[in-house]
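Note: hydrogens, waters and symmetry copies are ignored here, and every other heavy atom, side chains too, is used. Owing to the predicted nature of the structure, the values given are computational and were not obtained by experimental measurement.
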Amino acid sequence: MDFELSDEQEQLKKEVRRFAENEIKPVATEYDVEEKYPHDVMEKAAENGLLGGGLPIEYGGAGLDTLDTSIVVEEMFAADPGIGFCVTASAFGSEAIVEFGTEEQKEEYLPPIAEGESVMGAAISEPDTGSDVSSVSTTAEKDGDEWVINGNKMWISNGTVGDYFVVLCKTDPDAEGRYNGFSQIIVEADRDGFQADKIHGKLGIRASDTAELIFDDVRVPEENLLGTEGMGFLQQMQFFDETRTGVAAQAVGIAKGAAERALEYSQQREQFGQPIGEFQAIQHKLAEMHTDIEAARQLTYKSAWSVDNKEGQLTTLASMAKEYASRVAVDVANEAVQIHGGAGYVNDFDVERFYRDAKITQIYEGTTEIQKNIIARELQGKGF
């Protein structure tokens with residue numbers, strides 16, 4: 001078993017950290033407070049080749065595998081989870097196009113993401129359906145050579161800044177079986193009847209754009225169908241092992257960022273004539289925080305390796321990584337605030353933001369409770 005990162009991966013890690021420290025960290029509080037999307041940072045990320053890293057090289061991406069991407073995500077989120085999300089999720093949903101898209105779809109939609117000219121998203125969740133993906137009610141009906149889409153999508157990342165979305169729709173309401181009759185359709189944001197309303201007042205990752213999408217007789221050509229008609233749900237499920245591993249990497253990054261700041265503060269803040277880091281109570285907190293982070297990182301890396309190598313336990317590992325790493329992120333951020341004391345309760349220090357940002361990792365891409373259900377199901381050999 002080789003736990004060492006390759007020279008290329010170490011170099012990638014250094015380059016991403018350098019960018020994050022120089023371009024993201026200094027402006028993080030501003031974008032969080034104002035809840036605004038970091039267009040200028042995105043432009044710089046594009047100039048540095050940091051957008052769409054997981055896209056194939058032939059479509060302008062860097063061809064990064066899941067482990068490489070996890071390294072990038074961790075470093076971005078350690079600088080700031082909100083802006084880090086924007087940079088690493090600019091191609092969210094592109095996996096479906098890479099896997100199931102036609103050559104024409106790939107050539108049209110993928111290169112602009114890597115070049116920083118476009119942002120995309122995946123529209124799955126609805127106001128009444130979160131983790132219960134099979135209850136999606138947005139419909140797409142065929143009318144001649146067009147699809148007519150009606151419905152609402154909720155909590156959609158990149159909602160008001162996205163140029164196109166992979167939308168999960170019900171295309172055959174009479175299909176037998178709970179998981180049949182769904183299709184994925186690409187919808188451009190400039191289509192008539194499409195509306196995106198930004199969601200304000202989020203607890204965390206406030207720089208990222210989240211919106212409700214409304215489809216009112218939105219018409220797209222039939223060639224916007226992605227993959228096989230009626231197989232959209234099953235197509236979508238194929239990517240959760242990868243996306244949940246990605247959330248685990250986000251959580252590791254959040255924990256890392258919070259722990260680094262707590263360690264630094266403990267060495268500077270003095271009480272009773274000495275740095276608080278000299279007190280055993282603080283030392284124990286720091287020791288536990290860093291131990292938990294390393295455990296979460298190794299589980300996340302193993303999950304990423306399993307995705308890349310199609311290892312038999314990848315579904316179990318992905319859910320384990322997400323459940324554990326997200327729990328570590330929340331716990332570590334909590335302890336980071338505690339170490340800062342009253343100073344950690346206001347946004348003069350980053351740990352206040354990290355504490356708020358950590359919680360979402362226990363919610364999106366399947367809640368903690370859903371992950372435990374999946375782990376138990378896999379252990380019992382029940383499969384999907």
Side-chain angles (χ1 to χ4, degrees), residues 13 16-17 20 24-25 28-29 32 66 69-89 155 157 202-208 210 240 242-266 285-304 317-340 344-345 347 349-372 374-375:
K13 186 174 184 177
V16 174
R17 186 175 183 87
I24 294 178
K25 200 171 180 180
T29 299
D32 174 75
T66 310
T69 301
S70 295
I71 293 169
V72 172
V73 169
E74 179 182 336
E75 292 302 326
M76 290 285 187
F77 273 68
D80 176 62
I83 299 178
F85 183 94
C86 298
V87 175
T88 58
W155 314 116
S157 297
K202 293 186 299 181
L203 175 68
I205 58 168
R206 290 155 63 98
S208 67
T210 310
F240 276 133
E242 182 176 347
T243 58
R244 285 167 179 161
T245 301
V247 175
Q250 294 176 9
V252 173
I254 292 172
K256 175 182 177 179
E260 288 176 344
R261 288 159 173 80
L263 176 60
E264 181 180 5
Y265 185 80
S266 74
K285 286 182 183 295
L286 293 168
E288 290 172 359
M289 291 159 70
H290 283 81
T291 300
D292 288 345
I293 292 169
E294 187 59 30
R297 178 181 292 113
Q298 294 306 319
L299 183 54
T300 299
Y301 283 7
K302 184 174 182 181
S303 177
L317 286 169
S319 288
M320 285 180 171
K322 182 185 183 302
E323 190 282 325
Y324 182 71
S326 62
R327 176 155 40 101
V328 168
V330 171
D331 291 345
V332 168
N334 177 57
E335 289 288 46
V337 171
Q338 192 70 21
I339 289 172
H340 280 70
Y345 201 68
N347 66 1
F349 289 88
D350 292 347
V351 291
E352 177 268 346
R353 185 175 72 255
F354 276 73
Y355 185 43
R356 291 186 286 105
D357 291 342
K359 185 60 186 176
I360 191 60
T361 62
Q362 293 187 312
I363 298 173
Y364 56 21
E365 293 302 304
T367 63
T368 292
E369 292 74 20
I370 289 294
Q371 303 315 309
K372 291 179 180 179
I374 294 171
I375 295 166

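Residues passing the ring pair (Phe, Tyr, Trp, His ring centres under 6.0 Å) test with Tyr301, sequence neighbours excluded: none.
The residues Lys372 and Glu369 are annotated as not salt-bridged, no charged nitrogen and carboxylate oxygen being separated by less than 4.0 angstrom. A salt bridge is absent between Asp292 and Arg327: the closest approach of a Lys/Arg side-chain nitrogen to an acidic carboxylate oxygen does not fall below 4.0 angstrom. Under the 4.0 Å criterion applied to side-chain N and carboxylate O atoms, Asp350 and Arg261 are assigned as salt-bridge partners. One finds no salt bridge joining Lys322 and Glu365 here, because no Lys/Arg side-chain nitrogen approaches an Asp/Glu carboxylate oxygen to under 4.0 Å. One finds no salt bridge joining Glu260 and Lys25 here, because no Lys/Arg side-chain nitrogen approaches an Asp/Glu carboxylate oxygen to under 4.0 Å. Salt bridge present: Glu75 and Lys256 bring a charged side-chain N and a carboxylate O closer than 4.0 Å.
Rounded to the nearest 0.5 angstrom, Arg244 CZ and Ile374 CD1 are separated by 4.0 Å. The distance from atom CD1 of Ile363 to atom CD1 of Ile370, rounded to the nearest 0.5 Å, is 13.0 Å.
Side-chain atoms of Ile360 and Lys202, non-hydrogen and from C-beta on, never get closer than 4.5 Å to each other. Looking only at side-chain heavy atoms (C-beta outward), Ser326 and Val247 stay at 4.5 Å or farther from each other. Side-chain contact between Glu242 and Thr69 is absent, with no heavy-atom pair separated by less than 4.5 Å. Side-chain contact check for Gln250 versus Tyr364: some heavy-atom pair is nearer than 4.5 Å. Put simply, the side chain of Gln362 reaches to within 4.5 Å of the side chain of Lys359, judged on heavy atoms. For the pair Asp80/Arg353, a side-chain contact is recorded, criterion being any heavy-atom separation below 4.5 Å from C-beta on. At least one side-chain heavy atom of Met289 sits less than 4.5 Å from a side-chain heavy atom of Ile339. When side chains are defined from C-beta on, Phe77 counts as touching Thr88, because their heavy atoms get closer than 4.5 Å.
Around CD of Gln338, the count of heavy atoms belonging to other residues, nucleotides or ligands within 6.0 Å does not exceed 12. In the displayed structure, Phe85 atom CZ is contacted under 6.0 Å by more than 12 heavy atoms of other residues, nucleotides or ligands.
Here the shortest heavy-atom pairing between Ala255 and Val328 reads CB-CG1, 4.2 Å. Of all heavy-atom pairs spanning Ala251 and Ala329, the tightest one is O-CB, 3.5 Å. Nearest heavy-atom pair, Phe354 versus Ala258, reported as atom, atom and distance to 0.1 Å: CD2-N, 3.8 Å. Across every non-hydrogen atom of Thr245 and Ala318, the tightest pair is OG1-CB, 3.8 Å. When all heavy atoms of Ala321 and Thr300 are compared, the pair lying nearest together is CB-CA, 4.1 Å.
Checking Asp357, Ile83, Thr361, Ile254 one by one against Ile205, the side-chain contact (heavy atoms from CB on, under 4.5 Å) holds for a single residue, Asp357.
When atom types are taken as modelled, the side chain of Ser303 and the backbone of Leu299 share no donor-acceptor pair closer than 3.5 angstrom.
Lys285 and Ser266 share no donor-acceptor pair across their side chains, judged by distance under 3.5 Å alone.
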*Test side-chain contact (heavy atoms from CB on, under 4.5 Å) on Lys302 and Gln298 and set out the steps.*
CA-CA 6 Å; Lys302 184 174 182 181; Gln298 294 306 319; over 6 Å; no

